[in-house]
Amino acid sequence: MGKAAVVRAFEEIRAALAVLQAEVDGAGSLPFSDIDPLAGLADGCLDILAGAREVEARVAGVKAKAAVGYAEAAHAVAGPEVPVVAQEMAVAAEIGCVLALGPRAAASFLATSHALTSSLPRTLEALQSGTLSWQHAIVLADETASLDVAGAAALEAHFLDPEAQDAARGCPAGELPAHRFRVKARTWRERHHAESMEKRHARGVAERRVEFRPDRDGMAWLGAYLPADQAMSGWNRLTAAARGLQGPAEDRTMPQLRADSFAAAILGSGDTRGGSTSLTSASASATAGVVAAAGPGAGAGGTDGAGPGHLAPVRAEVLVTVPVFALMGLTDEPGMLDGYGPVPASMARRLVADGAGSFYRVLVDPRDGAPLEIGRKSYRVPRAMRAWLRMRDGKCPFPGCSNTSLDTEADHLLAWHHGGTTGISNLGQPCPKHHRLRHTTGWKPTPASTNEPPSWTSPTGRHYTSEHQDWEPPKWPPGFLPGERSQSRQRSRARERSLPGERSLPEKHAFSPMPCEPPRR
(Lines give C-alpha, C1' and ligand atoms only; values in the text may rest on other atoms or scores of the structure.)
Protein backbone atom coordinates (compact mmCIF):
# COMPACT_ATOMS: atom_id res chain seq x y z
CA MET A 1 0.00 0.00 0.00
CA GLY A 2 2.23 2.82 1.29
CA LYS A 3 2.44 5.87 -0.93
CA ALA A 4 -0.12 4.53 -3.37
CA ALA A 5 -2.73 4.38 -0.58
CA VAL A 6 -1.91 7.95 0.46
CA VAL A 7 -2.22 9.21 -3.12
CA ARG A 8 -5.54 7.42 -3.61
CA ALA A 9 -6.93 8.75 -0.30
CA PHE A 10 -6.14 12.34 -1.22
CA GLU A 11 -7.64 11.88 -4.68
CA GLU A 12 -10.88 10.78 -3.04
CA ILE A 13 -10.75 13.77 -0.70
CA ARG A 14 -10.30 16.12 -3.65
CA ALA A 15 -13.22 14.52 -5.44
CA ALA A 16 -15.41 14.91 -2.36
CA LEU A 17 -14.41 18.57 -2.06
CA ALA A 18 -15.42 19.12 -5.71
CA VAL A 19 -18.87 17.72 -4.89
CA LEU A 20 -19.22 20.03 -1.90
CA GLN A 21 -18.08 23.01 -3.97
CA ALA A 22 -20.78 22.27 -6.55
CA GLU A 23 -23.42 22.03 -3.82
CA VAL A 24 -22.37 25.39 -2.34
CA ASP A 25 -22.56 26.94 -5.82
CA GLY A 26 -26.07 25.55 -6.26
CA ALA A 27 -24.89 23.36 -9.11
CA GLY A 28 -25.60 20.00 -7.50
CA SER A 29 -27.59 17.31 -9.28
CA LEU A 30 -30.50 17.74 -6.85
CA PRO A 31 -31.71 20.88 -5.02
CA PHE A 32 -31.63 20.95 -1.22
CA SER A 33 -35.38 21.57 -1.23
CA ASP A 34 -37.99 21.46 -4.02
CA ILE A 35 -40.49 23.43 -1.93
CA ASP A 36 -38.22 26.36 -1.03
CA PRO A 37 -34.88 26.14 -2.89
CA LEU A 38 -33.42 29.31 -1.32
CA ALA A 39 -34.18 28.25 2.26
CA GLY A 40 -32.95 24.77 1.43
CA LEU A 41 -29.66 26.13 0.11
CA ALA A 42 -29.19 28.24 3.24
CA ASP A 43 -29.78 25.21 5.49
CA GLY A 44 -27.58 23.03 3.30
CA CYS A 45 -24.70 25.51 3.52
CA LEU A 46 -24.90 25.36 7.31
CA ASP A 47 -24.71 21.55 7.10
CA ILE A 48 -21.61 21.88 4.92
CA LEU A 49 -20.03 24.29 7.42
CA ALA A 50 -20.68 21.89 10.30
CA GLY A 51 -19.26 18.97 8.34
CA ALA A 52 -16.22 20.99 7.25
CA ARG A 53 -15.46 21.87 10.88
CA GLU A 54 -15.44 18.18 11.78
CA VAL A 55 -13.27 17.24 8.79
CA GLU A 56 -10.78 20.04 9.55
CA ALA A 57 -10.41 18.70 13.09
CA ARG A 58 -9.83 15.17 11.84
CA VAL A 59 -7.26 16.41 9.32
CA ALA A 60 -5.50 18.33 12.12
CA GLY A 61 -5.27 15.09 14.09
CA VAL A 62 -3.71 13.34 11.10
CA LYS A 63 -1.23 16.21 10.65
CA ALA A 64 -0.20 16.07 14.32
CA LYS A 65 0.44 12.32 14.22
CA ALA A 66 2.23 12.60 10.86
CA ALA A 67 4.51 15.36 12.21
CA VAL A 68 5.46 13.31 15.27
CA GLY A 69 5.90 10.21 13.14
CA TYR A 70 8.25 12.10 10.82
CA ALA A 71 10.20 13.56 13.76
CA GLU A 72 10.73 10.16 15.38
CA ALA A 73 11.75 8.53 12.10
CA ALA A 74 14.11 11.39 11.25
CA HIS A 75 15.79 11.18 14.68
CA ALA A 76 16.28 7.45 14.22
CA VAL A 77 17.72 7.87 10.73
CA ALA A 78 20.08 10.67 11.83
CA GLY A 79 21.61 8.49 14.52
CA PRO A 80 23.11 9.45 17.90
CA GLU A 81 26.09 11.33 16.45
CA VAL A 82 23.90 14.31 15.37
CA PRO A 83 23.42 16.82 18.24
CA VAL A 84 19.87 16.78 19.59
CA VAL A 85 19.33 20.52 19.24
CA ALA A 86 20.57 20.53 15.65
CA GLN A 87 18.33 17.57 14.77
CA GLU A 88 15.28 19.28 16.31
CA MET A 89 15.99 22.39 14.26
CA ALA A 90 16.34 20.30 11.12
CA VAL A 91 13.02 18.53 11.76
CA ALA A 92 11.19 21.79 12.46
CA ALA A 93 12.70 23.34 9.34
CA GLU A 94 11.50 20.44 7.16
CA ILE A 95 7.99 20.54 8.60
CA GLY A 96 7.94 24.32 8.21
CA CYS A 97 8.83 24.06 4.53
CA VAL A 98 6.20 21.39 3.86
CA LEU A 99 3.45 23.35 5.65
CA ALA A 100 4.71 26.80 4.59
CA LEU A 101 5.25 27.84 8.21
CA GLY A 102 7.94 30.08 9.66
CA PRO A 103 10.52 28.57 12.05
CA ARG A 104 8.71 29.69 15.20
CA ALA A 105 5.28 28.54 13.99
CA ALA A 106 6.70 25.19 12.87
CA ALA A 107 8.38 24.61 16.24
CA SER A 108 5.13 25.51 18.03
CA PHE A 109 3.13 23.14 15.83
CA LEU A 110 5.59 20.34 16.49
CA ALA A 111 5.59 20.98 20.26
CA THR A 112 1.77 20.85 20.37
CA SER A 113 1.77 17.67 18.27
CA HIS A 114 4.24 16.02 20.68
CA ALA A 115 2.08 17.02 23.65
CA LEU A 116 -1.04 15.53 22.07
CA THR A 117 0.58 12.21 21.20
CA SER A 118 2.54 11.79 24.43
CA SER A 119 0.49 13.22 27.30
CA LEU A 120 -2.97 14.31 26.10
CA PRO A 121 -4.70 11.16 24.83
CA ARG A 122 -8.24 12.45 25.33
CA THR A 123 -7.45 15.60 23.39
CA LEU A 124 -6.00 13.63 20.48
CA GLU A 125 -8.99 11.29 20.51
CA ALA A 126 -11.41 14.25 20.43
CA LEU A 127 -9.42 15.81 17.59
CA GLN A 128 -9.49 12.58 15.60
CA SER A 129 -13.24 12.22 16.16
CA GLY A 130 -13.87 15.77 14.94
CA THR A 131 -15.37 17.07 18.21
CA LEU A 132 -12.44 19.34 19.10
CA SER A 133 -10.65 21.77 16.80
CA TRP A 134 -6.90 22.31 16.47
CA GLN A 135 -7.29 25.69 18.22
CA HIS A 136 -8.87 23.93 21.21
CA ALA A 137 -6.05 21.38 21.21
CA ILE A 138 -3.51 24.22 21.36
CA VAL A 139 -5.34 25.62 24.40
CA LEU A 140 -5.16 22.28 26.22
CA ALA A 141 -1.48 21.86 25.34
CA ASP A 142 -0.69 25.39 26.57
CA GLU A 143 -2.67 25.18 29.81
CA THR A 144 -1.29 21.75 30.78
CA ALA A 145 2.33 22.57 29.89
CA SER A 146 3.25 23.52 33.48
CA LEU A 147 1.13 20.83 35.16
CA ASP A 148 2.35 17.44 36.31
CA VAL A 149 1.01 14.26 34.69
CA ALA A 150 -1.85 13.92 37.15
CA GLY A 151 -2.83 17.58 36.79
CA ALA A 152 -2.84 17.41 33.00
CA ALA A 153 -4.97 14.27 33.07
CA ALA A 154 -7.42 15.87 35.50
CA LEU A 155 -7.79 19.02 33.36
CA GLU A 156 -8.41 16.88 30.27
CA ALA A 157 -10.97 14.75 32.09
CA HIS A 158 -12.80 17.79 33.45
CA PHE A 159 -13.52 19.11 29.96
CA LEU A 160 -13.52 15.98 27.79
CA ASP A 161 -14.85 13.18 29.99
CA PRO A 162 -18.60 13.55 30.68
CA GLU A 163 -18.30 10.79 33.31
CA ALA A 164 -15.65 12.64 35.32
CA GLN A 165 -16.50 13.32 38.96
CA ASP A 166 -16.65 17.08 38.41
CA ALA A 167 -17.18 17.33 34.65
CA ALA A 168 -17.58 20.77 33.07
CA ARG A 169 -21.18 21.87 32.67
CA GLY A 170 -22.93 23.76 29.91
CA CYS A 171 -21.64 24.08 26.38
CA PRO A 172 -19.21 21.23 25.47
CA ALA A 173 -15.59 22.31 25.09
CA GLY A 174 -15.52 21.72 21.34
CA GLU A 175 -18.57 23.93 20.78
CA LEU A 176 -17.07 26.89 22.65
CA PRO A 177 -14.99 29.34 20.60
CA ALA A 178 -11.35 28.62 21.37
CA HIS A 179 -10.79 32.00 23.06
CA ARG A 180 -13.66 31.30 25.48
CA PHE A 181 -12.41 27.77 26.08
CA ARG A 182 -9.02 29.20 27.01
CA VAL A 183 -10.66 31.29 29.73
CA LYS A 184 -12.35 28.22 31.23
CA ALA A 185 -9.25 26.04 30.96
CA ARG A 186 -7.12 28.75 32.54
CA THR A 187 -9.64 29.11 35.38
CA TRP A 188 -9.51 25.40 36.14
CA ARG A 189 -5.71 25.41 35.96
CA GLU A 190 -5.43 28.32 38.41
CA ARG A 191 -7.71 26.58 40.91
CA HIS A 192 -6.03 23.18 40.75
CA HIS A 193 -2.36 23.90 40.08
CA ALA A 194 -0.12 21.89 42.41
CA GLU A 195 1.91 24.99 43.28
CA SER A 196 0.31 27.62 45.50
CA MET A 197 -1.30 30.47 43.57
CA GLU A 198 0.23 32.89 46.08
CA LYS A 199 3.75 31.79 45.05
CA ARG A 200 2.98 31.96 41.34
CA HIS A 201 1.41 35.38 41.77
CA ALA A 202 4.46 36.65 43.67
CA ARG A 203 6.66 35.68 40.72
CA GLY A 204 4.28 37.44 38.35
CA VAL A 205 4.27 40.62 40.44
CA ALA A 206 8.06 40.68 40.29
CA GLU A 207 7.80 40.69 36.47
CA ARG A 208 5.35 43.61 36.21
CA ARG A 209 6.24 46.05 33.45
CA VAL A 210 5.00 48.41 30.76
CA GLU A 211 5.61 47.54 27.13
CA PHE A 212 5.68 49.67 23.97
CA ARG A 213 5.31 48.22 20.48
CA PRO A 214 5.29 50.26 17.27
CA ASP A 215 2.61 49.50 14.70
CA ARG A 216 1.63 50.68 11.22
CA ASP A 217 0.09 53.96 10.06
CA GLY A 218 1.64 56.11 12.77
CA MET A 219 0.11 53.99 15.58
CA ALA A 220 1.61 52.01 18.46
CA TRP A 221 0.59 49.74 21.33
CA LEU A 222 1.18 50.67 24.98
CA GLY A 223 0.31 48.09 27.61
CA ALA A 224 1.09 47.15 31.18
CA TYR A 225 1.59 43.75 32.82
CA LEU A 226 -0.07 44.29 36.23
CA PRO A 227 -1.70 42.40 39.10
CA ALA A 228 -5.19 41.38 37.97
CA ASP A 229 -7.07 43.54 40.47
CA GLN A 230 -5.24 46.70 39.34
CA ALA A 231 -5.69 45.89 35.65
CA MET A 232 -9.38 45.01 36.05
CA SER A 233 -10.07 48.10 38.13
CA GLY A 234 -8.34 50.28 35.55
CA TRP A 235 -10.35 48.73 32.73
CA ASN A 236 -13.61 49.26 34.63
CA ARG A 237 -12.67 52.88 35.31
CA LEU A 238 -12.03 53.47 31.61
CA THR A 239 -15.35 51.81 30.77
CA ALA A 240 -17.22 53.95 33.29
CA ALA A 241 -15.51 57.10 32.05
CA ALA A 242 -16.25 56.27 28.40
CA ARG A 243 -19.88 55.47 29.17
CA GLY A 244 -20.23 58.81 30.94
CA LEU A 245 -19.04 60.63 27.82
CA GLN A 246 -21.60 59.00 25.54
CA GLY A 247 -24.52 61.07 24.38
CA PRO A 248 -26.39 62.38 21.33
CA ALA A 249 -23.56 64.78 20.42
CA GLU A 250 -20.78 62.18 20.91
CA ASP A 251 -19.83 60.26 17.77
CA ARG A 252 -16.86 58.36 19.21
CA THR A 253 -17.27 54.62 19.84
CA MET A 254 -16.66 52.98 23.22
CA PRO A 255 -13.21 51.69 22.17
CA GLN A 256 -12.26 55.20 21.00
CA LEU A 257 -13.54 56.78 24.20
CA ARG A 258 -11.61 54.26 26.31
CA ALA A 259 -8.45 54.96 24.33
CA ASP A 260 -8.86 58.73 24.67
CA SER A 261 -9.51 58.42 28.40
CA PHE A 262 -6.46 56.20 28.84
CA ALA A 263 -4.21 58.58 26.91
CA ALA A 264 -5.44 61.59 28.88
CA ALA A 265 -4.94 59.79 32.20
CA ILE A 266 -1.29 58.92 31.57
CA LEU A 267 -0.49 62.23 29.87
CA GLY A 268 -2.10 64.33 32.60
CA SER A 269 -4.56 66.16 30.33
CA GLY A 270 -7.99 67.17 31.62
CA ASP A 271 -9.87 67.87 28.41
CA THR A 272 -11.88 65.10 26.75
CA ARG A 273 -12.13 67.00 23.46
CA GLY A 274 -9.55 65.88 20.94
CA GLY A 275 -9.00 62.60 22.78
CA SER A 276 -8.18 63.83 26.26
CA THR A 277 -9.79 63.33 29.61
CA SER A 278 -8.91 63.14 33.27
CA LEU A 279 -9.67 60.31 35.63
CA THR A 280 -9.20 61.84 39.05
CA SER A 281 -10.10 60.76 42.54
CA ALA A 282 -11.09 57.35 41.21
CA SER A 283 -11.21 54.34 43.45
CA ALA A 284 -11.96 50.67 43.05
CA SER A 285 -14.63 49.17 45.24
CA ALA A 286 -15.73 45.64 45.92
CA THR A 287 -18.69 44.51 47.98
CA ALA A 288 -18.10 41.37 49.96
CA GLY A 289 -20.30 38.61 51.26
CA VAL A 290 -20.15 36.03 53.99
CA VAL A 291 -19.77 33.18 51.52
CA ALA A 292 -19.29 35.11 48.28
CA ALA A 293 -18.58 38.75 47.76
CA ALA A 294 -20.85 40.45 45.25
CA GLY A 295 -20.79 43.97 43.91
CA PRO A 296 -23.37 46.10 42.11
CA GLY A 297 -23.10 46.99 38.43
CA ALA A 298 -20.50 49.46 37.30
CA GLY A 299 -21.20 53.02 38.24
CA ALA A 300 -21.60 55.10 35.13
CA GLY A 301 -19.27 57.99 34.71
CA GLY A 302 -20.83 61.39 34.35
CA THR A 303 -20.19 65.08 33.91
CA ASP A 304 -22.04 66.41 36.94
CA GLY A 305 -20.15 69.36 38.35
CA ALA A 306 -17.72 69.46 35.45
CA GLY A 307 -17.45 71.79 32.52
CA PRO A 308 -18.18 70.74 28.95
CA GLY A 309 -15.85 68.03 27.79
CA HIS A 310 -14.61 67.20 31.31
CA LEU A 311 -15.23 64.14 33.45
CA ALA A 312 -16.43 64.24 37.02
CA PRO A 313 -14.57 61.91 39.39
CA VAL A 314 -15.19 58.28 38.37
CA ARG A 315 -15.80 55.50 40.85
CA ALA A 316 -15.12 52.12 39.27
CA GLU A 317 -16.45 48.96 40.86
CA VAL A 318 -14.93 45.50 40.98
CA LEU A 319 -16.98 42.39 41.75
CA VAL A 320 -14.96 39.82 43.66
CA THR A 321 -16.34 36.50 44.95
CA VAL A 322 -14.57 35.26 48.08
CA PRO A 323 -15.21 31.90 49.81
CA VAL A 324 -15.94 32.52 53.47
CA PHE A 325 -13.01 30.50 54.80
CA ALA A 326 -10.61 32.25 52.42
CA LEU A 327 -12.03 35.59 53.57
CA MET A 328 -11.29 34.56 57.17
CA GLY A 329 -7.74 33.53 56.23
CA LEU A 330 -8.37 29.86 57.08
CA THR A 331 -7.75 28.63 53.52
CA ASP A 332 -5.91 29.93 50.46
CA GLU A 333 -8.74 29.06 48.06
CA PRO A 334 -8.67 31.58 45.19
CA GLY A 335 -11.30 34.29 44.87
CA MET A 336 -13.00 35.07 41.56
CA LEU A 337 -12.53 38.52 40.03
CA ASP A 338 -15.40 39.33 37.68
CA GLY A 339 -14.20 39.68 34.10
CA TYR A 340 -10.86 37.99 34.86
CA GLY A 341 -11.06 34.72 36.78
CA PRO A 342 -9.28 33.22 39.81
CA VAL A 343 -7.07 35.52 41.89
CA PRO A 344 -4.96 34.77 44.98
CA ALA A 345 -6.85 34.70 48.26
CA SER A 346 -4.64 37.50 49.61
CA MET A 347 -5.68 39.76 46.72
CA ALA A 348 -9.36 38.95 47.24
CA ARG A 349 -9.08 39.71 50.97
CA ARG A 350 -7.34 43.00 50.22
CA LEU A 351 -10.04 44.04 47.75
CA VAL A 352 -12.71 43.34 50.34
CA ALA A 353 -10.84 45.04 53.19
CA ASP A 354 -9.86 48.13 51.21
CA GLY A 355 -12.90 48.79 49.09
CA ALA A 356 -16.03 47.15 50.46
CA GLY A 357 -18.84 49.59 51.12
CA SER A 358 -21.67 47.16 51.82
CA PHE A 359 -22.08 43.44 52.38
CA TYR A 360 -24.48 40.95 50.83
CA ARG A 361 -25.03 37.59 52.42
CA VAL A 362 -25.10 35.06 49.62
CA LEU A 363 -26.43 31.53 49.95
CA VAL A 364 -24.45 29.04 47.86
CA ASP A 365 -25.17 25.39 47.15
CA PRO A 366 -22.67 23.37 49.22
CA ARG A 367 -22.71 20.61 46.57
CA ASP A 368 -21.30 22.69 43.73
CA GLY A 369 -20.72 26.23 45.05
CA ALA A 370 -23.34 27.83 42.77
CA PRO A 371 -25.32 30.84 44.03
CA LEU A 372 -29.03 30.31 44.69
CA GLU A 373 -31.96 32.47 43.66
CA ILE A 374 -33.36 35.70 45.08
CA GLY A 375 -37.06 36.09 44.24
CA ARG A 376 -38.68 39.41 43.25
CA LYS A 377 -42.20 40.45 42.36
CA SER A 378 -41.59 43.82 40.76
CA TYR A 379 -40.72 44.57 37.13
CA ARG A 380 -37.65 46.61 38.02
CA VAL A 381 -34.54 44.48 38.51
CA PRO A 382 -33.03 45.49 41.88
CA ARG A 383 -29.37 46.22 42.34
CA ALA A 384 -28.80 43.06 44.37
CA MET A 385 -30.39 40.90 41.68
CA ARG A 386 -28.18 42.47 38.99
CA ALA A 387 -25.20 41.46 41.13
CA TRP A 388 -26.67 37.95 41.31
CA LEU A 389 -26.92 37.80 37.52
CA ARG A 390 -23.27 38.81 37.27
CA MET A 391 -22.36 35.95 39.58
CA ARG A 392 -24.48 33.42 37.68
CA ASP A 393 -23.41 34.31 34.12
CA GLY A 394 -20.07 36.13 34.42
CA LYS A 395 -20.56 37.73 31.00
CA CYS A 396 -23.02 38.08 28.13
CA PRO A 397 -24.52 34.58 27.72
CA PHE A 398 -24.68 34.69 23.91
CA PRO A 399 -22.46 31.90 22.48
CA GLY A 400 -18.89 33.11 21.97
CA CYS A 401 -19.44 36.61 23.36
CA SER A 402 -16.77 37.90 25.75
CA ASN A 403 -18.45 41.14 26.87
CA THR A 404 -18.10 41.30 30.63
CA SER A 405 -20.99 41.77 33.01
CA LEU A 406 -20.24 45.49 33.31
CA ASP A 407 -21.43 45.91 29.72
CA THR A 408 -24.62 43.84 29.92
CA GLU A 409 -28.30 44.71 30.32
CA ALA A 410 -30.88 42.83 32.39
CA ASP A 411 -33.51 41.29 30.12
CA HIS A 412 -36.74 39.39 30.88
CA LEU A 413 -36.64 36.10 28.94
CA LEU A 414 -40.44 35.80 29.04
CA ALA A 415 -41.68 39.37 28.67
CA TRP A 416 -43.28 40.99 31.71
CA HIS A 417 -46.45 41.79 29.75
CA HIS A 418 -46.69 38.11 28.75
CA GLY A 419 -46.65 36.94 32.37
CA GLY A 420 -42.91 36.79 32.94
CA THR A 421 -41.65 37.30 36.49
CA THR A 422 -38.65 39.25 37.74
CA GLY A 423 -36.63 36.35 39.12
CA ILE A 424 -33.21 34.96 38.36
CA SER A 425 -34.71 32.08 36.36
CA ASN A 426 -36.47 34.52 34.01
CA LEU A 427 -33.59 36.95 33.53
CA GLY A 428 -30.65 37.13 31.16
CA GLN A 429 -27.95 39.76 30.88
CA PRO A 430 -27.04 40.12 27.18
CA CYS A 431 -24.67 42.84 26.06
CA PRO A 432 -26.29 45.72 24.11
CA LYS A 433 -25.40 44.16 20.74
CA HIS A 434 -27.00 40.79 21.52
CA HIS A 435 -29.88 42.45 23.35
CA ARG A 436 -30.72 44.20 20.07
CA LEU A 437 -30.19 40.96 18.16
CA ARG A 438 -32.74 39.24 20.37
CA HIS A 439 -35.42 41.89 19.80
CA THR A 440 -34.80 42.61 16.11
CA THR A 441 -34.13 39.17 14.60
CA GLY A 442 -35.23 35.57 15.01
CA TRP A 443 -32.58 34.76 17.64
CA LYS A 444 -34.34 33.81 20.88
CA PRO A 445 -33.05 32.88 24.35
CA THR A 446 -34.25 29.65 25.92
CA PRO A 447 -35.33 29.34 29.58
CA ALA A 448 -32.66 29.82 32.24
CA SER A 449 -32.41 28.47 35.79
CA THR A 450 -31.09 29.72 39.10
CA ASN A 451 -27.58 28.51 38.29
CA GLU A 452 -27.53 28.34 34.48
CA PRO A 453 -27.80 31.19 31.94
CA PRO A 454 -30.18 30.95 28.97
CA SER A 455 -29.11 29.12 25.83
CA TRP A 456 -30.09 30.35 22.37
CA THR A 457 -32.10 29.20 19.36
CA SER A 458 -31.22 30.63 15.95
CA PRO A 459 -33.68 31.65 13.20
CA THR A 460 -32.97 28.31 11.49
CA GLY A 461 -34.08 26.40 14.58
CA ARG A 462 -30.60 25.27 15.63
CA HIS A 463 -29.99 25.22 19.38
CA TYR A 464 -26.74 26.51 20.90
CA THR A 465 -25.90 25.85 24.56
CA SER A 466 -24.52 28.79 26.51
CA GLU A 467 -21.26 28.76 28.40
CA HIS A 468 -21.73 27.98 32.11
CA GLN A 469 -19.69 29.03 35.09
CA ASP A 470 -17.55 26.24 36.54
CA TRP A 471 -18.71 26.52 40.13
CA GLU A 472 -16.88 24.38 42.64
CA PRO A 473 -17.81 23.44 46.22
CA PRO A 474 -16.06 25.65 48.80
CA LYS A 475 -13.06 24.08 50.49
CA TRP A 476 -13.29 23.47 54.22
CA PRO A 477 -10.29 23.96 56.50
CA PRO A 478 -8.95 20.78 58.14
CA GLY A 479 -11.05 19.78 61.14
CA PHE A 480 -14.13 21.87 60.23
CA LEU A 481 -16.36 19.21 58.68
CA PRO A 482 -18.81 17.63 61.18
CA GLY A 483 -17.08 14.23 61.22
CA GLU A 484 -13.67 15.83 61.47
CA ARG A 485 -14.82 18.08 64.33
CA SER A 486 -16.01 15.01 66.25
CA GLN A 487 -12.68 13.28 65.72
CA SER A 488 -10.87 16.48 66.69
CA ARG A 489 -12.84 16.69 69.96
CA GLN A 490 -11.99 13.09 70.74
CA ARG A 491 -8.29 13.74 70.08
CA SER A 492 -8.43 16.87 72.27
CA ARG A 493 -10.03 15.01 75.16
CA ALA A 494 -7.50 12.21 74.88
CA ARG A 495 -4.71 14.75 74.81
CA GLU A 496 -6.23 16.56 77.82
CA ARG A 497 -6.28 13.32 79.80
CA SER A 498 -2.67 12.54 78.88
CA LEU A 499 -1.48 16.13 79.56
CA PRO A 500 -3.22 17.32 82.75
CA GLY A 501 -1.39 20.64 82.70
CA GLU A 502 -2.96 21.69 79.36
CA ARG A 503 -6.59 22.50 78.64
CA SER A 504 -8.47 22.63 75.37
CA LEU A 505 -10.90 25.39 74.50
CA PRO A 506 -14.39 25.09 76.01
CA GLU A 507 -16.85 23.36 73.71
CA LYS A 508 -18.97 26.52 73.34
CA HIS A 509 -16.07 28.29 71.64
CA ALA A 510 -15.86 25.74 68.80
CA PHE A 511 -16.55 27.31 65.40
CA SER A 512 -19.88 26.41 63.84
CA PRO A 513 -20.55 28.02 60.46
CA MET A 514 -24.03 29.47 60.11
CA PRO A 515 -26.02 29.24 56.87
CA CYS A 516 -26.10 32.49 54.91
CA GLU A 517 -29.18 34.20 53.61
CA PRO A 518 -29.88 36.16 50.44
CA PRO A 519 -29.86 39.95 50.76
CA ARG A 520 -33.05 41.44 52.16
CA ARG A 521 -34.54 44.48 50.54
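- Applying the side-chain hydrogen bond (donor to acceptor under 3.5 Å, both in side chains) test to S129 and every residue at least two apart in sequence or in another chain returns T131.
- With rounding to the nearest 0.5 angstrom, the CD atom of E125 is 12.5 Å from the CG atom of L120.
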*Could you go step by step and tell me if S402 and R180 meet the side-chain contact (heavy atoms from CB on, under 4.5 Å) rule?*
CA-CA 7 Å; S402 294; R180 290 303 314 164; 3.2 Å; yes
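- Within 6.0 Å of the CD atom in Q128, the count of heavy atoms belonging to other residues, nucleotides or ligands exceeds 12.
- Applying the salt bridge (Lys or Arg N to Asp or Glu O under 4.0 Å) test to R104 and every residue at least two apart in sequence or in another chain returns nothing.
- Looking at D142 and R186, no side-chain N of the basic residue comes within less than 4.0 Å of a carboxylate O on the acidic one, giving no salt bridge.
- Under the side-chain hydrogen bond (donor to acceptor under 3.5 Å, both in side chains) criterion, R200 pairs with E190, not counting sequence neighbours.
- Residues satisfying the ring-ring contact (aromatic ring centres under 6.0 Å, His included) test with F159, not counting sequence neighbours, are F181.
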*Would you please test L140 and L160 for side-chain contact (heavy atoms from CB on, under 4.5 Å) and show each step?*
CA-CA 11 Å; L140 282 163; L160 301 181; 4.0 Å; yes
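- For the 3.5 Å distance criterion, the side chains of T239 and R258 qualify, holding a donor opposite an acceptor.
- Not a single salt bridge (Lys or Arg N to Asp or Glu O under 4.0 Å) links E452 to another residue, sequence neighbours left out.
- By the ring-ring contact (aromatic ring centres under 6.0 Å, His included) test, H179 is found to be paired with no residue, residues two or more places apart in sequence or in another chain being considered.
- Each of M347, M197, E333 was checked for a side chain to side chain contact (heavy atoms under 4.5 Å, CB included) with P342, and the lone residue meeting it is M197.
- For residues 143-156, the salt bridge (charged side-chain N to carboxylate O under 4.0 Å, His left out) pairs, not counting sequence neighbours, are E143-R182.
- A salt bridge between R203 and E195 is present, with a side-chain N of the basic residue lying under 4.0 Å from a carboxylate O of the acidic one.
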*Check the pair E56 / S133 against side chain to side chain donor-acceptor pair (under 3.5 Å), numbers first and verdict last.*
CA-CA 7 Å; E56 286 174 349; S133 75; over 6 Å; no
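- Aromatic ring centres of F398 and W456 lie closer together than 6.0 Å.
- Screening residues 107-126 for ring-ring contact (aromatic ring centres under 6.0 Å, His included) gives F109-W134 as the qualifying pairs, with residues at least two apart or on separate chains.
- With sequence neighbours left out, the side-chain hydrogen bond (donor to acceptor under 3.5 Å, both in side chains) criterion links S108 to no other residue.
- Qualifying salt bridge (Lys or Arg N to Asp or Glu O under 4.0 Å) partners for R208, counting only residues two or more places apart in sequence or in other chains: none.
- A donor-acceptor pair is defined here as one N or O able to donate and one able to accept, closer than 3.5 Å; such a pair exists between the side chain of Q256 and the backbone of T253.
- Nearest heavy-atom pair, A228 versus L337, reported as atom, atom and distance to 0.1 Å: O-CD2, 3.6 Å.
- Note that the NE2 atom of H193 and the CG atom of L155 stand 10.5 Å from one another [nearest 0.5 Å].
- Taking all atoms of both residues into account, the shortest heavy-atom contact from P397 to Q429 is CD-O, 3.5 Å.
- Applying the salt bridge (Lys or Arg N to Asp or Glu O under 4.0 Å) rule to E211 yields the partners R209; only residues at least two apart in sequence or on another chain are considered.
- Of the N and O atoms on the side chains of R189 and S146, at least one donor lies less than 3.5 Å from an acceptor on the other residue.
- Here the closest heavy-atom approach between residue R349 and residue G329 is recorded as NH1-CA, 3.7 Å.
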_Would K395 and E467 count as a side-chain contact (heavy atoms from CB on, under 4.5 Å) here? Give the steps._
CA-CA 9 Å; K395 65 174 192 66; E467 179 181 333; 3.3 Å; yes
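- In this structure, CZ on R252 lies 6.0 Å from CG on L245, to the nearest 0.5 angstrom.
- Not counting sequence neighbours, E175 has no partner by the side-chain hydrogen bond (donor to acceptor under 3.5 Å, both in side chains) test.
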